[in-house]
Visitor: 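Below is one structure. I have some questions about it.
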Amino acid sequence: MSESDSTSSTSPSNFIQQIIREDLENNKNEGRVQTRFPPEPNGYLHIGHAKSICLNFGTASEFSGLCNLRFDDTNPEKEDLEYVDSIKESIRWLGFDWEDREYYASNYFDQLYDFGVELINKGKAYVCSLTQDEARQFRGTLTEPGKNSPERERSIAENLELFARMKAGDFEDGAYTLRAKINMQSPNMNMRDPVLYRIRRLHHHQTGDKWCIYPMYDYTHCISDALENITHSLCTLEFEDHRPLYDWVLDQLDIASHPQQIEFARLNINYTVMSKRKLKQLVDENLVNGWDDPRMPTLDGMRRRGYTPGSIRNFCDMVGVTKSNSVVDVGMLEHSLRDDLDKTSPRAMCVLRPLKVVIVNVEEGHKDELILSRHPKDEEMGERKISFSKTIYIDHADFEEVPPPGFKRLIPGGEVRLRGCYVIKCEEVIKDSAGKVVELRCSIDAATLGAKPEGRKVKGVVHWVPAEESVEVEIRLYDRLFNHEAPDATDGDYRDFINPDSLEVLTGCRAEPSLRDALPEERFQFEREGYFCVDRINSTKEHPVFNLTVGLRDTWAKQNR
RNA sequence: UGGGGUGUCGCCAAGCGGUAAGGCACAAGGUUUUGAUCCUUGCAUGCGGAGGUUCGAAUCCUCCCACCCCAACCA
């Protein structure tokens, strides 16, 4: 696994592990475990996929098995190479490795075609010319049985010839389909002679223009699993009804392998949307700035936001694997994130909304070279240097003329500790003509550097940076993209619930000098503010950009809500 | 309305006939030069409901209720 593994998992056993354990005891599959992660390359991966990735790769590795990566690329209409590449990068980033087992359903198009011929020969499939409309009529409804297609009893020879001609391109798109001959009266709609192949003249990102017929998911997936010798085929709940078809196809064919499909509940998280369609819409309608917008629940977005792969993996362990539909609180994700970040992020100081502070009792040109640890609990992270001088900045939020009860920061005439530095006292407040506080005049207690003040207690601690040596940076503050906890499960359009304050760009922020050389994707805790990460796309040496990954827990803000 | 699933604390989730784990959230304390972290404590006489079986039921049986999925030539 890549990056830190500070978040060790204590995953309890889930029902899938129990099934596998039992299979192993019965020596099913010769004691072998093999899974696969089968994305369709028609969009970017999101946190929901992470659950499946962790489940498939994680389960395989727990049982010393293997997990394949297989692109489910049977619908060229929606798929693209761009997605293939991004999916691979996201999986790698998450920390998983499929080694040389990178497969495509399209690798099996020839075999799939031959199996189609086999089904026809066994009288288990037929070519049908019903239009989509007609097919719908014949299919019946949830409560009424369907009717057989008039072409259901076509001779094997004729079916063979028509199927060959479908492949050869003799017919228009949609003119014919190859259908399984199962049972039009089945209460399970999936078993009412489902379409196996359709004619579609489309360029495929893997097979080019070789094919004008493309196999359907239900037909392709089970056979691909079998060809790859998958033992446990894990998929989401909505495929439960498809399992009889999965089994039916493999039962008809002369294939030794018959993987077991097991369904689990997909991941849902509140205050966000997870469907590919909606995520794509957010991107296409410029409601966000692309698939990797840090507010998106895509893995690319989360990466850019500063999420660690370990925190995502840990989160997936935390939520578990069951068959019950559930909605996980984002708070759990954020907890996992903070938990990892707290241990792994070096500390630094950055003033988001600078307020100039002039120290009245030190000379012009005064300098204290201070050395601060990068982490309060991890000495191995080392130290950083920062110098204290006559003019510094603190945050506007850390000064109040009229403090609310319980305020522990700076007030006129009051004292506060500058983090890692002296205790200062506010002697004078300077305002502009509009009455806005623009500068503070403070004095230091020279005896308080690394020592408690004499005879009194100073409760507040405030972060600061030297005025001259600090670095100007841009900071992007992110908040949840939606302000409704179930944006897509409510009346009305989910877009109506987009949080207008989900992005706030702050310029002119002042970061301590040690941040000058921060590299893209480097993460820090800005003390008393939160965890930030150098934007991997827009940050440059001349114009550094930091993204807020997640704020520190803030019981003070909570108290004042 | 037919079929397939699921219901245990505000949110996840263990539990598999022997008397309700854990995490998140929340609350109250303690430590702290981050109102952070960390630590301690509290938080379901109750397991969708009603009956039944049993010495004993969240676990077994019966009926009922609620919610999710399925009528693409999508996956």
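In this text, all values refer to a predicted model and were calculated from it rather than measured experimentally. By convention in this document, chain letters (A, B, ...) are assigned in the order of the sequence lines, proteins followed by strands, and residues within each chain are numbered from 1.
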Visitor: Is there a donor and acceptor pair closer than 3.5 Å between the side chain of A:Asp241 and the base of B:G3?
Guide: yes

Visitor: Is a donor-acceptor pair below 3.5 Å formed from side chain A:Arg200 to base B:C73, judging by atom type as modelled?
Guide: yes

Visitor: If you take all heavy atoms of A:His205 and A:Leu81, which pair is closest and at what distance?
Guide: CB-N, 4.0 Å

Visitor: B:A14, OP1 or OP2 - any side-chain N/O from A:Ser13 closer than 4.0 Å?
Guide: no

Visitor: Name the closest nucleotide to the A:Glu240 side chain, picking from B:G35, B:U34, B:G4.
Guide: B:G4

Visitor: For each nucleotide in nucleotides 38-44 of chain B, reading 5' to 3', give B when a protein heavy atom comes within less than 4.0 Å of its base, S when such contact involves only the sugar-phosphate, and - otherwise.
Guide: S------

Visitor: Taking all heavy atoms of A:Ala175 and all of A:Ile199, pick out the closest pair and write down the distance.
Guide: N-CD1, 4.4 Å

Visitor: Determine the Euclidean distance between corresponding P atoms of B:A44 and B:G51; express it in Å to zero decimal places.
Guide: 25 Å

Visitor: Identify whether any heavy atom of A:Phe239 sits under 4.0 Å from a base atom; if not, whether one sits that close to sugar-phosphate; answer base, sugar-phosphate or nothing.
Guide: base

Visitor: Within this structure, what is the CG-NZ distance for the pair A:Leu69 and A:Lys88, rounded to the nearest 0.5 Å?
Guide: 8.0 Å

Visitor: How close or far is atom C1' of B:A71 from atom CG of A:Asp133, stated in whole angstroms?
Guide: 13 Å

Visitor: When we call it a touch if two heavy atoms are under 4.0 Å apart, what does A:Gly530 touch: a base, just sugar-phosphate, or nothing?
Guide: nothing

Visitor: Name the pairing partner of B:A58, where a pair is Watson-Crick or G-U wobble with both distances under 3.5 Å, or state none.
Guide: none

Visitor: Phosphate oxygens OP1/OP2 of B:A75: is one of them under 4.0 Å from a side-chain N or O of A:Arg198?
Guide: yes

Visitor: Is there ring stacking between A:Trp556 and B:G35, where the centres must be under 5.5 angstrom apart and the planes under 30 degrees?
Guide: yes

Visitor: Rounded off to whole Å, could you give me the CD-to-C1' distance for the A:Gln137 and B:C73 pair?
Guide: 16 Å

Visitor: Identify, between A:Pro215 and A:Thr143, the residue whose nearest nucleotide on RNA chain B lies closer to the 5' end.
Guide: A:Thr143

Visitor: What pair of heavy atoms forms the shortest contact from A:Leu372 to A:Gly420, and how long is it?
Guide: CD1-O, 4.0 Å

Visitor: Starting from C1' on B:A71, measure out to CE on A:Met184 and report it in whole angstrom.
Guide: 10 Å

Visitor: Looking at A:Arg553 and A:Arg338, what are the two nearest heavy atoms and their distance?
Guide: N-NE, 3.8 Å

Visitor: In terms of the nearest nucleotide of RNA chain B, which residue is placed more toward the 5' end: A:Arg409 or A:Gln18?
Guide: A:Gln18

Visitor: Using a heavy-atom cut-off of under 4.0 Å over every strand shown, decide if A:Met318 touches base, sugar-phosphate, or nothing.
Guide: sugar-phosphate

Visitor: Just call it for A:Leu267: base, sugar-phosphate, or nothing, with non-hydrogen atoms closer than 4.0 Å on any strand.
Guide: nothing

Visitor: Does B:U33 have OP1 or OP2 under 4.0 Å away from a side-chain N or O of A:Lys457?
Guide: no

Visitor: Answer with base, sugar-phosphate or nothing: what part of the nucleic acid does A:Thr131 contact at a heavy-atom distance below 4.0 Å?
Guide: base

Visitor: Which whole number of Å gives the distance between the C1' atom of B:C55 and that of B:G48?
Guide: 28 Å

Visitor: Between the side chains of A:Glu512 and A:Ser514, does any donor sit under 3.5 Å from an acceptor?
Guide: yes

Visitor: Both distances below 3.5 Å, Watson-Crick or wobble geometry, any strand: find the nucleotide opposite B:C9.
Guide: none

Visitor: Return the value, rounded to whole Å, for the distance between atom CG of A:Asp398 and atom P of B:U34.
Guide: 13 Å

Visitor: Atom CG of A:Asn188 and atom C1' of B:U1: how far apart are they, to the nearest Å?
Guide: 17 Å

Visitor: Starting at CD of A:Glu144 and ending at C1' of B:G3, how long is that distance when rounded to a whole Å?
Guide: 14 Å

Visitor: With a non-hydrogen cut-off below 4.0 angstrom, is A:Phe315 in contact with a base, only sugar-phosphate, or nothing?
Guide: nothing

Visitor: Compare side-chain N and O positions of A:Lys452 against OP1 and OP2 of B:U33 and report whether any pair is under 4.0 Å apart.
Guide: yes

Visitor: How close do A:Asn14 and A:Val321 get, counting heavy atoms only, and between which atoms?
Guide: CB-O, 3.6 Å

Visitor: Between A:His335 and B:C24, does any side-chain N or O lie under 4.0 Å from OP1 or OP2?
Guide: yes

Visitor: Between A:Asn75 and A:Tyr217, is there a side-chain donor-acceptor contact under 3.5 Å, judged purely by atom types and distance?
Guide: no

Visitor: Taking syn as any angle within 90 degrees of 0 and anti as the rest, which one fits B:A72?
Guide: syn

Visitor: Measure from the side chain of A:Leu142, starting at C-beta and using heavy atoms only, and say which of B:C73, B:A71, B:G35 lies closest.
Guide: B:A71

Visitor: Give A:His463 one of three labels, base, sugar-phosphate or nothing, depending on what nucleic acid heavy atoms sit under 4.0 Å from its own.
Guide: nothing

Visitor: Quote, to the nearest angstrom, the P distance that separates B:A14 from B:C60.
Guide: 16 Å

Visitor: State, without any angle test, whether A:Glu334 and A:Tyr307 hold a side-chain donor-acceptor pair at a distance under 3.5 Å.
Guide: no

Visitor: Please report, rounded to the nearest Å, how far the C1' atom of B:G3 is from the CH2 atom of A:Trp248.
Guide: 19 Å

Visitor: Taking A:Lys377 first and then A:Asp342, would you say they form a salt bridge - that is, a charged N and a carboxylate O separated by under 4.0 Å?
Guide: no

Visitor: Tell whether A:Gln525 reaches the base of B:U34 with its side chain through a donor-acceptor pair below 3.5 angstrom.
Guide: yes

Visitor: Over all strands shown, is A:Pro376 touching base, sugar-phosphate only, or nothing at heavy-atom distances under 4.0 angstrom?
Guide: base

Visitor: Between B:U34 and A:Arg553, is there an OP1 or OP2 to side-chain N/O distance shorter than 4.0 Å?
Guide: no

Visitor: Using a heavy-atom cut-off of under 4.0 Å over every strand shown, decide if A:Met216 touches base, sugar-phosphate, or nothing.
Guide: sugar-phosphate

Visitor: Any side-chain N or O of A:Arg139 under 4.0 Å from OP1/OP2 of B:C73?
Guide: yes

Visitor: Would you classify A:Gly331 as touching base, sugar-phosphate or nothing, given that sugar-phosphate means primed atoms plus P, OP1 and OP2, and contacts are heavy atoms under 4.0 Å?
Guide: sugar-phosphate

Visitor: Distance-only, no hydrogens or angles: does the A:Asp340 side chain make a donor-acceptor pair with backbone N or O of A:Ser336 under 3.5 Å?
Guide: no

Visitor: Looking only at the side chain of A:Asn75 (C-beta and beyond, no hydrogens), which of the listed nucleotides B:A75, B:U1, B:G15 gets closest?
Guide: B:A75

Visitor: Assign A:Gly450 to base, sugar-phosphate, or nothing according to its heavy-atom contacts below 4.0 angstrom with the strands shown.
Guide: base

Visitor: So, is A:Arg528 near the phosphate of B:G35, with a side-chain N or O under 4.0 Å from OP1 or OP2?
Guide: yes

Visitor: Which one, B:G2, B:C26, B:A72, comes nearest to the side chain of A:Pro187?
Guide: B:G2

Visitor: Give one of base, sugar-phosphate or nothing for A:Arg243, where a contact means two heavy atoms less than 4.0 Å apart.
Guide: nothing

Visitor: Whether A:Arg136 contacts B:C73 is assessed here as follows: a side-chain N or O lying under 4.0 Å from the phosphate OP1 or OP2. Is that the case?
Guide: no

Visitor: What are the two closest heavy atoms between A:Ala265 and A:Lys51, and how far apart are they?
Guide: O-NZ, 2.7 Å

Visitor: Taking only side-chain nitrogens and oxygens of A:Gln261, does any of them come within less than 4.0 Å of OP1 or OP2 of B:G4?
Guide: no

Visitor: May I ask you to say what A:Ala451 touches in the nucleic acid, namely base, sugar-phosphate or nothing, with a heavy-atom cut-off under 4.0 Å?
Guide: base

Visitor: Looking across every strand, which nucleic acid part, if any, lies under 4.0 Å from A:Thr555 by heavy atom: base, sugar-phosphate, or nothing?
Guide: sugar-phosphate

Visitor: Establish, yes or no, whether the cationic atom of A:Arg510 lies under 6.0 Å from the six-membered ring centre of A:Tyr393 and within 45° of the ring axis.
Guide: no

Visitor: Does anything in residues 319-328 of chain A reach RNA chain B, meaning a heavy atom under 4.0 Å, and if so which residues?
Guide: A:Val319, A:Val321, A:Thr322, A:Lys323, A:Ser324, A:Asn325, A:Ser326, A:Val327, A:Val328

Visitor: Does A:Ser129 offer a backbone N or O that forms a donor-acceptor pair with the side chain of A:Glu151 under 3.5 Å?
Guide: yes

